[in-house]
Amino acid sequence: MIRLESLSYRYAETPTTVLRQISLTIPKGQLVGVVGPSGAGKTTLAQVMSGFIPHVFGGEVTGAVTVAGRSVRNTPLPLLVSDIGLVSQNPFNQLSGAKFSVAEELAFGLENLGVPRGEMVSRVDETLRRLRIAHLAERSPYQLSGGQQQLVAIGSMMVMRPGVLVLDEPTSQLDPAGSGLVFDALGELRERGVTVVLIEHKLEQLAEVADRILALVDGELRMDGPPSTVLAADELADWGIGRTRFTAAAVAAATHWPCGRPLPVTLAEAAAGFAEGAP
Ligand SMILES: Nc1ncnc2c1ncn2[C@@H]1O[C@H](COP(=O)(O)OP(=O)(O)OP(=O)(O)O)[C@@H](O)[C@H]1O
Ligand SMILES: [Mg+2]
């Protein structure tokens with residue numbers, strides 16, 4: 001569970017408040033998508049939820065943040081990271097720098113936790129298979145493509161089995177097949193009761209997988225609701241977030257979209273609406 005109460009944040013030595021009065025509660029096992037234009041504060045929000053703010057970045061936090069029953073401010077970072085995984089926007093920064101192969105990289109966090117060898121090997125193998133990167137197991141993490149590094153960074157958090165997983169644009173360098181794998185894996189984690197916060201620009205996939213969408217604009221939480229409501233909202237285009245191509249098709253079809261029917265955000269909703277509107 002994640003709870004923010006009137007959370008505001010300013011980076012050290014800067015005058016601008018980059019998160020403003022954000023209040024929300026994310027129950028255990030919910031998969032929440034975060035959308036917003038560049039500079040909206042999405043990465044900052046991810047760092048707040050995972051404790052890197054204020055423990056690493058400092059700055060001025062007002063309000064309260066509770067994750068998995070712990071006050072983020074009052075809990076030391078090592079204790080927080082045992083239950084919260086953050087996949088950062090730049091996968092290169094996420095690599096430990098201490099390991100020479102992808103398999104060792106995935107085992108790194110488990111070694112630090114003192115997980116027994118047998119379990120470590122089986123968790124690493126499962127993660128390699130799940131993300132279809134078993135063929136990279138012996139490769140150096142530094143000789144991979146950006147997309148492959150992104151899968152390793154995601155794997156290095158998944159293998160830890162945190163109760164809360166926060167991912168900052170995890171599919172930005174992945175092709176459609178790679179993105180699909182990540183979305184499927186996150187859907188499965190949610191089924192297992194993991195709370196997932198996913199910052200993502202791929203609105204069609206978010207609409208399929210998310211329980212809820214937060215729209216962050218200029219540091220403010222402007223919308224918070226189900227994908228069918230938030231992603232179909234007119235304001236999204238004005239805020240520079242865009243629309244799903246299904247919503248765009250229905251808007252472009254104008255009078256051919258059945259009168260009074262909500263705009264679609266998924267293929268199934270679009271197909272049903274156009275079928276109804278067909279002469
Ligand atoms: N370390 C920092 N020190 C000072 N200001 C920062 C720092 N990091 C980010 N900011 C500022 O905070 C605001 C929000 O940045 P943030 O990176 O959270 O946005 P974002 O929504 O993740 O954008 P993007 O989509 O480009 O990743 C921006 O105005 C940015 O310039
Ligand atoms: Mg960002």
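For this chain, numbers begin at 1 and follow the sequence in order. All values reported here derive from a predicted model rather than from experimental measurement. Start at 1 and go down the list; that is how both ligands and their atoms are numbered.
Of all heavy-atom pairs between L216 and K42, the closest is CD2-N, 3.6 Å.
When the shell of 6.0 Å around CD of E119 is examined, it contains more than 12 heavy atoms from other residues, nucleotides or ligands. Atom CZ of R132 has 12 or fewer heavy atoms from other residues, nucleotides or ligands within 6.0 Å. By the 6.0 Å contact criterion, CZ on R245 is open, its count of non-hydrogen atoms from other residues, nucleotides or ligands being 12 or less.
Note: Y142 and F92 meet the aromatic proximity criterion, with ring centroids under 6.0 Å apart.
Side-chain polar atoms of E105 and S156 form no donor-acceptor pair below 3.5 angstrom. For the residue pair S172 / Q150, a side-chain donor-acceptor distance below 3.5 Å is found, with atom types taken as modelled.
Among protein atoms, those of element N, O or S found less than 2.8 Å away from the Mg ion (ligand 2) are T43 OG1, Q89 OE1.
With hydrogens and angles disregarded, a donor-acceptor distance shorter than 3.5 Å links the side chain of R190 to the backbone of V209.
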Please tabulate, one line per pair, the protein nitrogen or oxygen atoms found under 3.5 angstrom from a nitrogen or oxygen of ligand 1, with distances to 0.1 Å, or say none if there are no such pairs.
from     : atom 1 : to  : atom 2 : distance (Å)
ligand 1 : 8 (N)  : Y11 : OH     : 3.4
ligand 1 : 18 (O) : T43 : N      : 3.4
ligand 1 : 18 (O) : T44 : N      : 2.9
ligand 1 : 18 (O) : T44 : OG1    : 2.5
ligand 1 : 19 (O) : G41 : N      : 3.3
ligand 1 : 21 (O) : A40 : N      : 3.2
ligand 1 : 21 (O) : G41 : N      : 3.0
ligand 1 : 21 (O) : K42 : N      : 2.9
ligand 1 : 21 (O) : K42 : NZ     : 2.8
ligand 1 : 22 (O) : T43 : N      : 2.9
ligand 1 : 22 (O) : T43 : OG1    : 2.8
ligand 1 : 23 (O) : G39 : N      : 2.8
ligand 1 : 25 (O) : K42 : NZ     : 2.7
ligand 1 : 26 (O) : S38 : OG     : 2.6
ligand 1 : 27 (O) : Q89 : OE1    : 3.2
ligand 1 : 27 (O) : Q89 : NE2    : 3.0

Verdict with supporting geometry, E200 and F183, side chain to side chain contact (heavy atoms under 4.5 Å, CB included) = CA-CA 11 Å; E200 183 56 68; F183 282 105; 3.7 Å; yes
